[in-house]
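Following: one structure in structure tokens, then a few remarks.
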Amino acid sequence: MSFFDSANVINQQVKASILSEKNIQLFVKREDAIHSDISGNKYRKLKYNLKAAKDEGFTKIITFGGAFSNHILATAVAGNLAGLQTVGIIRGEELGENIKETLSLNPTLKNAYDGGMKFEFISRKDYREKMNSVFLEKLAKKHGAFYLLPEGGTNKLAVKGCEEILTEQDTEFDYICCCVGTGGTLAGIINSAKNHQKVLGFPALKGDFLREEISGFVENSAQWNLITDYHFGGYAKYTEELIRFINDFKRETSIPLDPIYTGKMMFGVFDMIKKNQFPESTKILAVHTGGLQGIEGFNEVLKKKKTGLKVV
Ligand SMILES: Cc1ncc(COP(=O)(O)O)c(C=O)c1O
């Protein structure tokens, strides 16, 4: 049995006075507990892609990401487990100037490197062109045949994997909440949601452009919507209130949240509950998509900026 054949995930009930006051039940699907590095949606997104890479006879995977990318680390570790070489094309050529120093300051890249990933650091300008045919041909010349995984890992097979997040037991929930980057995870959840359920996506970045992309992956008539009020200024942006919420939530529930994705979603869920945006007696399932490995690197940034803040 391979690692990808088994994912034992529990729904943990959250206890908080606001929930009893509003007569709402909230559960967290602890996908984050699947694995420390291949957690949450990364496990789901990689499962069928790694299988396809192996079935199609590839020995190497190439993918893309930023310096603290959950996807980069998960691909490195999962590729290693599956016996596939991995190459990460990383945004920011300056990171490649002194790789020893980069690895000493960046736990995400350090762990990916230890997992066997080879890096190529490229400029932000080249990074924007990464999916065009000229860039991909250059990669093929240098690396030979490879299985291409897009940034964030979202493609049809990733969505198929994310369709396995909800199970038959989850039909009791009225709302399913999930954070959104590219929207692949949300699309998988929508595809397996039942008609009586409403799926809410909480984008971690600014802009309403995601709706169309998500629709392209949706093959189900379940009701869904994007809640765009909780991006906190954009990707990797934060406020003191968000950090305090994440730390309070962990102290009260023992559930850790990351500041880039799941913290923003949970902040949004609680804010909507406070504002009576869920009907009484509602049962909500919030999907914890992992990303906890990013906390250490995020705290390094907070420290460098001398903010006095820390995610615990
Ligand atoms: C921890 C975590 N949660 C959620 C997401 C968003 O997933 P998606 O890109 O499928 O919307 C990501 C994306 O990288 C992530 O790392």
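Note that ligands are numbered from 1 as they come in the structure, with each ligand's atoms numbered from 1 the same way. Nothing here was measured: the structure is a model prediction, and the numbers come from that model. Computed from heavy atoms alone, side chains included, the values below leave out hydrogens, waters and symmetry copies.
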Going through the checks in order, is the side-chain contact (heavy atoms from CB on, under 4.5 Å) test met by Lys142 and Glu120?
CA-CA 11 Å; Lys142 185 163 178 189; Glu120 263 184 49; 3.2 Å; yes

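Polar contact check, Gly183 against ligand 1: a nitrogen or oxygen pair lies under 3.5 Å apart. Distances between N or O atoms of Thr262 and those of ligand 1 include no value under 3.5 Å. Checking only distances, Gly152 never comes within under 3.5 Å of ligand 1, N or O to N or O.
Scanning the protein heavy atoms around atom 6 (C) of ligand 1, the nearest turns out to be Gly181 N, 3.3 Å. With respect to atom 13 (C) of ligand 1, the closest heavy atom belonging to the protein is Lys42 NZ, 3.1 Å. Considering only non-hydrogen protein atoms, atom 5 (C) of ligand 1 sits nearest to Asn41 ND2, 3.2 Å.
Residue contacts with ligand 1 do not include Asp258, since none of its heavy atoms lies under 4.0 Å from the ligand. Remark: distances from the non-hydrogen atoms of Gly40 to ligand 1 are all 4.0 Å or more.
The existence of a salt bridge linking Lys194 and Glu168 is confirmed by a sub-4.0 Å separation between a basic side-chain nitrogen and an acidic carboxylate oxygen. Salt bridge annotation for Arg124-Glu94: present, with a cationic side-chain nitrogen under 4.0 angstrom from a carboxylate oxygen.
Separating the CD atom in Glu31 from the CG atom in Asn11 is a distance of 9.0 Å, to the nearest 0.5 Å.
Nearest to atom 16 (O) of ligand 1 by heavy atom, out of Val180, Asn70, Leu292, is Asn70.
The two atoms that bring Ile189 and Val199 nearest to each other are CG2-CG1, 3.9 Å, heavy atoms only.
Using cut-offs of 30° and 60° on the angle between ring planes, the pair Phe202 and Tyr230 is tilted.
Residues Val14 and Met266 have side chains not in contact (no heavy-atom distance under 4.5 Å, counting atoms from C-beta outward).
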